[in-house]
> 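The structure is given below, and queries will be raised subsequently.
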Amino acid sequence: MNDFIDYIILPYKTYSTLNILLEIIATLFGIISVYYTYKRNIWVYPTTIVSTFIFIYLFFNWGLYGETIINIYYTSMAIYGWILWQKNLEADHKHVDVSWASKKEYIYATLLFVLSFLFILMIYYFRPVIQNGFNISFINQCKLYYTKIDFIDASTTAIFLIGMWMMARRKIDNWYFWIIGDLIMIPLMIYKGAVITSVQYIVLLILSFIGLSNWIKSFKNSQKIVS
């Protein structure tokens, strides 16, 4: 048990106070954003933008380029989702209606997964260039060699991209992808020494189950009103 605690604490001994503080702030805003998501509240997007901006910096420093890319995507999708939700607000100007994804949207989601997965692997191919400040002289060191963590990172990135896309389109199914991604990210972040972030994913996992239940109830209630 003590060895596990030491393993968790050890990385933070080398982190700067600023990085630890940024991780805490990003984690808190990430949790708040998911709370607003399951409440179907448009404030999910400004809180998401704060969290993702910070994580872009942190993940890049940790060498998780897939997660860096996904947070850049999150930021752009937050703006996209903010616009979509703004156009579909209920009478209180805060909440939105939700629905299930269609077969056509799942085809798009599958395509998004494949393209995202391959794109992240391409990013890792150029790892020597990226790690050396995008110095093109290191291009000869690029090799088609990937670790298990690379494949896991690429997979979770693709899964989260689908979740974010479906969330922007107000699809209940988005929660399934958040749940799968959170289950993978919890041990991955512990392995990477980012324990504070792993705690965030534990909280997000719990909120995702609550959010799924909440959105399903909301959809059923809206169907009763229509009928």
Side-chain angles (χ1 to χ4, degrees), residues 4 7-8 10-12 23-24 26-35 37-38 44 48 51-52 54-78 81 101 105-106 108-125 127 145-168 171-213 215:
F4 179 69
Y7 175 79
I8 289 175
L10 184 61
Y12 290 97
E23 187 180 355
I24 293 173
T27 297
L28 289 176
F29 271 92
I31 292 171
I32 292 171
S33 70
V34 175
Y35 169 78
T37 303
Y38 96 75
V44 57
T48 294
S51 178
T52 54
I54 298 174
F55 273 124
I56 288 171
Y57 169 78
L58 292 176
F59 280 130
F60 184 82
N61 282 339
W62 293 337
L64 288 173
Y65 305 120
E67 295 304 319
T68 302
I69 295 298
I70 194 175
N71 277 276
I72 293 174
Y73 172 86
Y74 279 167
T75 304
S76 60
M77 284 302 295
E105 285 169 320
Y106 265 100
Y108 288 150
T110 302
L111 181 62
L112 179 61
F113 179 90
V114 173
L115 292 177
S116 301
F117 183 84
L118 294 177
F119 177 73
I120 297 304
L121 290 185
M122 183 186 72
I123 295 295
Y124 278 122
Y125 173 79
R127 180 164 25 210
Y145 170 77
Y146 301 103
T147 66
K148 291 180 180 178
I149 297 300
D150 293 341
F151 286 115
I152 293 172
D153 189 35
S155 298
T156 52
T157 298
I159 290 169
F160 282 138
L161 289 180
I162 296 172
M164 192 70 176
W165 176 69
M166 285 197 173
M167 187 185 80
K171 300 303 176 182
I172 300 170
D173 313 57
N174 86 89
W175 293 109
Y176 294 129
F177 295 95
W178 291 120
I179 289 170
I180 294 171
D182 291 339
L183 286 170
I184 298 172
M185 287 299 293
I186 292 169
L188 178 60
M189 289 297 99
I190 292 176
Y191 176 81
K192 282 289 183 178
V195 180
I196 295 175
T197 305
S198 72
V199 171
Q200 171 193 331
Y201 282 107
I202 292 173
V203 176
L204 296 186
L205 178 62
I206 296 171
L207 289 177
S208 293
F209 279 110
I210 297 173
L212 175 61
S213 176
W215 280 36

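Computed over heavy atoms, backbone and side chain alike; hydrogens, waters and symmetry mates excluded.
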> Assess the side chains of Trp178 and Asp182: does a donor N or O sit below 3.5 Å from an acceptor N or O?
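No.
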> Less than 4.5 Å apart, any side-chain heavy atom of Leu161 and any of Phe113?
no
> Are the side chains of Met166 and Tyr106 in contact, using a 4.5 Å heavy-atom criterion?
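Sidechains of Met166 and Tyr106: in contact.
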> Could you walk me through whether Ile31 and Leu204 satisfy the side-chain contact (heavy atoms from CB on, under 4.5 Å) test, starting with their C-alpha distance in whole Å, then the side-chain angles of each, then the deciding distance to 0.1 Å, before giving a yes or no?
CA-CA 6 Å; Ile31 292 171; Leu204 296 186; 4.3 Å; yes
> Look up atom CG in Leu58 and atom CG in Asn71, then write down how far apart they are to the nearest 0.5 Å.
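So the CG of Leu58 and the CG of Asn71 are separated by 9.0 Å.
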> To the nearest 0.5 Å, what is the distance between NZ on Lys148 and CG on Asp153?
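Output value for this atom pair is 16.0 Å.
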> With ring pair (Phe, Tyr, Trp, His ring centres under 6.0 Å) as the criterion, how do Tyr146 and Tyr124 come out once you've worked through the C-alpha distance, each side chain's angles and the decisive distance to 0.1 Å?
CA-CA 8 Å; Tyr146 301 103; Tyr124 278 122; 7.2 Å; no
> May I ask you to decide if the ring planes of Phe151 and Phe117 are parallel, tilted or perpendicular, using 30° and 60° as cut-offs?
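Judged by the thresholds at 30° and 60°, the geometry between Phe151 and Phe117 is parallel.
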> Looking only at non-hydrogen atoms, find the nearest pair between Asp173 and Ala101 and report the distance.
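Smallest heavy-atom distance, with atoms named: OD1-N, 2.7 Å.
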> Walk me through it: do Met185 and Leu205 pass the test side-chain contact (heavy atoms from CB on, under 4.5 Å)?
CA-CA 10 Å; Met185 287 299 293; Leu205 178 62; over 6 Å; no
> Which distance, rounded to the nearest 0.5 Å, do you find between the CE of Met189 and the OH of Tyr201?
6.0 Å
> Given Ile149 and Tyr191, is the side-chain contact (heavy atoms from CB on, under 4.5 Å) satisfied, shown in steps?
CA-CA 10 Å; Ile149 297 300; Tyr191 176 81; 3.7 Å; yes
> Tell me, with the steps shown, if Ile32 and Val44 meet side-chain contact (heavy atoms from CB on, under 4.5 Å).
CA-CA 8 Å; Ile32 292 171; Val44 57; over 6 Å; no
> Is a donor from one side chain sitting under 3.5 angstrom from an acceptor on the other, for Thr52 and Thr75?
yes
